[in-house]
Amino acid sequence: MDIATRLIHTGASVEPVRGALSVPLYHSSTYAQLSVDTFGTWDYARSGNPTRNALEEAIAGLEGGTVGCAFGSGMAATSSTLLLFSPGDHIIVCDDVYGGTFRVMTRLFSQWGLTVTFVDATDTANIAAAIQPNTKALFLETPSNPLLKIIDLRAAAILAKERGLLTIVDNTFMTPYFQRPLELGCDIVIHSGTKFLNGHSDVVCGFAVTADPDLGQRLRFVQNAFGAVLGPNDSWLTLRGLRTLKVRMEESQQSALGIAQWLYSQPHVRKVWYPGLPGHPGHEVHKAQSTGPGAVLSFDLDSYELTKKVLEGVKLMAFAVSLGGVESILSYPAKMSHAAMPSEERALRGISDSLVRLSVGLESADDLIEELDRLMNS
Ligand SMILES: Cc1ncc(COP(=O)(O)O)c(C=O)c1O
């Protein structure tokens with residue numbers, strides 16, 4: 001079944017008693033049991049909630065997985081996934097990773113004895129060179145945040161399988177609508193569902209999905225044991241957001257392409273990063289592993305003063321943390337998504353003080369361009 005159809009029908013069967021088309025919202029922390037020997041499907045809401053379960057089935061189905069776990073944030077999904085590993089284990093991470101992921105790995109899991117090596121994973125040889133005897137997994141983001149670097153997921157997954165490693169992919173920017181890492185050989189997909197999956201800037205949530213039954217059981221165990229679960233209300237809102245993922249992604253992507261092309265021709269723009277532009281170094285690899293470049297792009301302006309003027313001057317776009325909402329969001333990685341990264345690390349990765357990230361929403365692309373033009377060129 002095509003993903004457009006699955007977005008409408010997965011995880012949302014008609015409620016059997018009253019025939020509701022919308023999954024009911026179960027605000028119950030516990031469930032009455034009939035016998036001491038046999039508990040029903042639901043016992044306690046940290047372990048399972050029917051509304052959350054519908055959302056988990058939906059995300060698992062969309063990613064081509066068998067188990068989906070919903071968490072209270074994208075970071076809770078990442079952290080819970082990292083709990084699959086043990087002190088002494090080593091993970092290889094792409095260098096241009098979300099700042100919060102960098103922070104949790106280098107400041108929390110490091111205390112717990114997990115070690116990480118950051119590599120430029122756009123070249124699979126760099127990943128191979130970083131493998132140590134205690135390496136257990138690759139943690140990748142493609143396109144990455146904020147420089148939209150592209151990693152060849154098929155090649156990374158083949159290498160990982162040969163060396164007995166898991167491949168974990170943060171698929172937040174693409175969503176399963178454009179890219180499905182499990183189908184490319186990867187083992188676990190992570191999401192900040194706060195972004196495009198929910199899509200309305202009104203929920204913080206996260207997911208981990210796998211097709212492997214053993215990994216699925218282990219993730220479910222961590223979800224219940226560690227307990228960073230998503231509540232029913234946010235599960236319901238996210239289920240509703242998911243229904244329109246296709247139209248939101250298609251529309252925002254079309255505008256993003258137009259804006260990226262316009263930015264590319266601008267005198268005050270030093271560089272544009274968008275995998276949909278043919279000049280992007282990962283353009284071909286991205287095309288081979290996804291069905292679209294998505295709705296996030298970054299650009300570098302020719303001075304800090306102009307960057308500040310644009311960020312502080314927007315009226316239509318929001319100047320805010322986050323991405324993936326129906327409203328366009330302009331953000332400043334150096335002080336927002338990557339503020340948790342020391343400035344030397346940011347500089348090493350090319351995250352300059354004049355870098356701006358734009359998540360394109362559903363406004364008219366012409367209006368968005370007009371706003372940028374006014375701020376950049378007058
Ligand atoms: C790529 C990526 N992964 C993970 C996260 C963390 O998600 P959350 O903010 O929902 O915890 C973010 C948040 O910006 C992100 O951009």
Side-chain angles (χ1 to χ4, degrees), residues 55 59 63 68-83 91 93-109 118 121 139-151 153 168-176 178-179 181 186 188-209 223 226 228-231 234-235 237-238 241-242 252 273 275 290 293-298 318-325 329-341 346 349 351 355-360:
L55 175 64
I59 189 68
E63 284 288 3
C69 297
F71 296 93
S73 68
M75 285 318 302
T78 297
S79 301
S80 299
T81 302
L82 292 176
L83 287 172
I91 298 181
V93 186
C94 61
D95 55 3
D96 191 37
V97 76
Y98 168 61
T101 304
F102 177 89
R103 174 173 53 197
V104 84
M105 287 173 167
T106 55
R107 295 184 48 195
L108 275 180
F109 281 93
F118 295 97
F139 190 104
L140 310 173
E141 236 183 79
T142 179
S144 63
N145 184 2
L147 293 177
L148 289 303
K149 284 186 174 184
I150 302 299
I151 298 165
L153 289 179
I168 303 166
V169 180
D170 183 332
N171 202 27
T172 298
F173 276 29
M174 285 283 96
T175 81
F178 285 135
Q179 176 173 279
C186 304
I188 297 176
V189 167
I190 286 174
H191 280 283
S192 168
T194 314
K195 311 295 170 1
F196 293 103
L197 290 177
N198 173 63
H200 293 73
S201 305
D202 52 13
V203 166
V204 174
C205 71
F207 299 100
V209 184
Q223 184 194 32
F226 192 63
V229 294
L230 189 66
D234 287 344
S235 298
L237 281 168
T238 307
L242 263 185
S252 291
W273 289 266
S290 72
V296 181
L297 56 100
S298 293
F319 170 41
V321 172
S322 203
L323 59 106
I329 299 177
L330 207 54
S331 63
Y332 187 45
K335 296 236 169 105
M336 291 177 162
S337 58
H338 288 67
M341 198 175 263
R346 281 202 305 272
R349 288 161 169 79
I351 304 170
L355 183 78
V356 175
R357 191 189 71 198
L358 172 61
S359 164
V360 181

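We count ligands from 1, going down the list as the structure has it; atoms in each ligand are counted the same way. Index from 1, following the sequence.
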Q: Under 3.5 Å, side-chain donor or acceptor atoms of residues 191-202 against the rest of the protein: list the pairs with distances, not counting sequence neighbours.
A:
unit_1 : atom_1 : unit_2 : atom_2 : d
His191 : NE2    : Glu63  : OE2    : 2.6
Ser192 : OG     : Thr194 : OG1    : 3.3
Ser192 : OG     : Lys195 : NZ     : 3.0
Thr194 : OG1    : Cys205 : N      : 3.0
Thr194 : OG1    : Cys205 : O      : 3.1
Asn198 : ND2    : Asp202 : OD1    : 2.8
His200 : ND1    : Asn198 : O      : 2.9
Ser201 : OG     : Glu327 : OE2    : 2.6

Q: How many angstroms lie between atom OG of Ser359 and atom CG of Leu323, to the nearest 0.5 angstrom?
A: 5.0 Å

Q: Tell me if a side-chain donor or acceptor on Arg349 pairs with a main-chain N or O of Asp95 at a distance below 3.5 Å.
A: yes

Q: Tell me which residues fall inside the under-4.0 Å heavy-atom shell around ligand 1.
A: Ser73, Gly74, Met75, Tyr98, Glu141, Asn145, Asp170, Thr172, Ser192, Thr194, Lys195, Cys205

Q: In this structure, which one of Thr172, Asn171, Asp170 forms a side chain to side chain contact (heavy atoms under 4.5 Å, CB included) with Met174?
A: Asn171

Q: Apply the side chain to side chain contact (heavy atoms under 4.5 Å, CB included) test between Pro275 and each candidate in Thr142, Leu148, Val296, Leu297; give the one that qualifies.
A: Leu148

Q: side-chain contact (heavy atoms from CB on, under 4.5 Å), that's the test. Do Leu83 and Phe109 meet it? Break it down for me.
A: CA-CA 9 Å; Leu83 287 172; Phe109 281 93; 3.8 Å; yes

